[in-house]
Amino acid sequence: MKIERDFHMMKGDSEFSYAENSRIQKRVALAAKPIVEKAVREVCIDLHPQSMVIADLGCSFGANTLLFISEVITTICEDYNNTIKESPMEVQFFLNDLPSNDFNHIFQSLEQFEQLITQDCACKGLQPPPHFVAGLPGSFYTRLFPCNSVHLFHSSMSVTWLTQVPEHLDGSMNEGNIHIGATTPPSVAKLYQNQFEKDFSRFLQMRCMEIVPGGRMVLTVAGRKSKDVFNAGGMTMIFDLLSQGLRTLVAEGRVAKEKLDSFNIPVYCPSADELKQLVQQCELLDISDIQLFEMDENRMHDSEQAEGTTAAHTAGQSMSATLRAATESLIASHFGEDILEEIFTVFACNFTSYIESEVEKSGITIITLYLQAKH
Ligand SMILES: C[S@@+](CC[C@H](N)C(=O)[O-])C[C@H]1O[C@@H](n2cnc3c(N)ncnc32)[C@H](O)[C@@H]1O
């Protein structure tokens, strides 16, 4: 699979779609909301743009994409109606993702969204600023905008995806694993690290050309608390359970061992120090804030309402659907569509057993970087 051409979250509104299975990402977006609001306010106050240009990079589709737009509009209209008395600013949103993203899903939901946001503002006695929404297909590891044209970049849970499986990670170098697992050789972990450094540095370089002086960026990623690259908490555990499921299918003769050995997920979970270092190397950005929060294991799935065995079962189903919505296109292209039902059923069982076990549970570490372009 060529990631930048073919990779996508599961399209549409079906049971396994991203729109129906992105609750973890929604919780992440809600946790980062105060920083997004702060960034919007600071751009308004410091830069006074007549037309504010805002880009959401790796926007995907569904409720989370619209949630971001609505947070921005609400913040602007509250500030304009309450404090800033000048003529209302216009806002241009660019929603970016890879070309295979379900952009039509976004476009088709915009009309209803507009009605809701207008009603919502009217209830508070406010008027939303004139705003315009455009889709922008393309990789955020390439140039997307003209020089000096964007006031605010936002990206949530997207920059963790690499441009490719790490360069030079060939054949069965990562035998039996699909990511950085317990038996992954340190040299393979290093290849993952190198690929992230290369990709994230390029991402920052591109954005620095496109952002206006003094513009802001809010970047949220799934990262790690630990310095140890082998320990990305809940993310490591999820990939380990998926590898375990694939090893079961190899043992049953459903999947060839070479197929498993040559499959590696192009995701990297950086530590806050790694992110800081790469931003500092770029020299054109100041770090205004960096926040870590831990999404504990209970908030990673939807079992809060259920109890005991049912809760563990619900957790397995919910985590399996979340993982499937994000990785089905990768798994189907490498192993074929025939194994999808089986692998995600096995994963759901593995996750259920993990929840029922006495093992200490790990959460997912979320890191939000708040950056400002130097003048
Ligand atoms: C987990 S989703 C997050 C979506 C959304 N921001 C949210 O919080 O729900 C990650 C998104 O990043 C997109 N993505 C991955 N690599 C990308 C790239 N190089 N350029 C643009 N989008 C990319 C994927 O297609 C996917 O839609």
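These numbers come from the heavy atoms of this one structure, side chains and all, not from hydrogens, waters or symmetry mates. When a ligand or atom number is given, it counts from 1 through the structure's own listing order.
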Using a heavy-atom cut-off of under 4.0 Å, does the side chain or the backbone of L57 touch ligand 1, or both, or neither?
-> neither
Check whether any heavy atom of S155 sits under 4.0 Å from an atom of ligand 1.
-> no
Which of these, T74, I69, L67, sits in a side-chain contact (heavy atoms from CB on, under 4.5 Å) with E71?
-> L67
Among protein heavy atoms, which lies nearest atom 24 (C) of ligand 1, and at what distance?
-> D97 OD1, 3.5 Å
For G138, the atoms of ligand 1 under 4.0 Å from one of its heavy atoms are 20 (N), 21 (C)
Does E4 reach ligand 1 with a nitrogen or oxygen that is under 3.5 Å from one of the ligand's nitrogen or oxygen atoms?
-> no
Which protein heavy atom lies closest to atom 2 (S) of ligand 1, and at what distance to 0.1 Å?
-> Y18 OH, 3.6 Å
Taking atom types as modelled, is there a side-chain donor on T183 or N177 under 3.5 Å from an acceptor on the other?
-> yes
Check residues 230-241 and write down every donor-acceptor pair under 3.5 Å in which the side-chain atom is one partner and the other belongs to a residue at least two apart or another chain.
residue : atom : partner : partner atom : Å
N231    : OD1  : G233    : N            : 3.1
T236    : OG1  : A232    : N            : 2.7

Could you tell me if any non-hydrogen atom of F61 lies under 4.0 Å from any atom of ligand 1?
-> no
Partner set under side chain to side chain contact (heavy atoms under 4.5 Å, CB included) for L284, not counting sequence neighbours = C208, C282
Answer yes if the side chains of E42 and Q372 hold a donor-acceptor pair under 3.5 Å, and no otherwise.
-> no
Between D56 and H154, does any side-chain donor sit less than 3.5 Å from a side-chain acceptor?
-> yes
Report yes or no: do H131 and E114 form a side-chain donor-acceptor pair below 3.5 Å?
-> yes
Can you check whether S139 has an N/O within less than 3.5 Å of an N/O in ligand 1?
-> yes
What about N101: any of its N or O atoms under 3.5 Å from an N or O on ligand 1?
-> no
Donor + acceptor pair across side chains of Y354, Q244 (<3.5 Å) | no
So which protein heavy atom does atom 23 (C) of ligand 1 come closest to, and at what separation?
-> F140 CE2, 3.4 Å
Nearest non-hydrogen protein atom, atom 15 (C) of ligand 1 | W161 CB, 3.7 Å
Relative to ligand 1, is N64 under 4.0 angstrom through side chain, backbone, both or neither, heavy atoms considered?
-> side chain
Among all protein heavy atoms, pick out the one at the shortest distance from atom 8 (O) of ligand 1; state its residue, atom name and that distance to 0.1 Å.
-> S156 O, 3.4 Å
Part of S60 within contact of ligand 1 (heavy atoms, under 4.0 Å) = both
Should you measure from each heavy atom of Q25, which atoms of ligand 1 turn up under 4.0 Å away?
-> 1 (C), 8 (O), 9 (O)
Under a heavy-atom criterion of less than 4.0 Å, does C59 contact ligand 1?
-> yes
Would you check if the side chain of N21 reaches a backbone N or O of E15 as a donor-acceptor pair within less than 3.5 Å?
-> yes
Donor on one side chain, acceptor on other, N174 and T184, under 3.5 Å = yes
So which protein heavy atom does atom 1 (C) of ligand 1 come closest to, and at what separation?
-> M157 O, 3.4 Å
Mark up the atoms of ligand 1 that fall under 4.0 Å of a heavy atom belonging to Y141, in ascending order.
-> 19 (N)
For M9, atoms of ligand 1 separated by under 4.0 Å from a heavy atom | 2 (S), 26 (C), 27 (O)
In the protein, what heavy atom is nearest to atom 12 (O) of ligand 1, and what distance, to one decimal place, separates them?
-> S158 OG, 3.2 Å
V36, M89: one ILVMFWY side-chain cluster at the under-4.5 Å cut-off?
-> yes
Are V267 and L162 connected, step by step, through hydrophobic side chains (Ile, Leu, Val, Met, Phe, Trp, Tyr) whose heavy atoms are closer than 4.5 Å?
-> no
Between Y268, Y192, F263, which is the residue that forms a ring pair (Phe, Tyr, Trp, His ring centres under 6.0 Å) with H179?
-> Y192
May I ask you to list the atoms of ligand 1 that are less than 4.0 angstrom from any heavy atom of N96?
-> 21 (C)
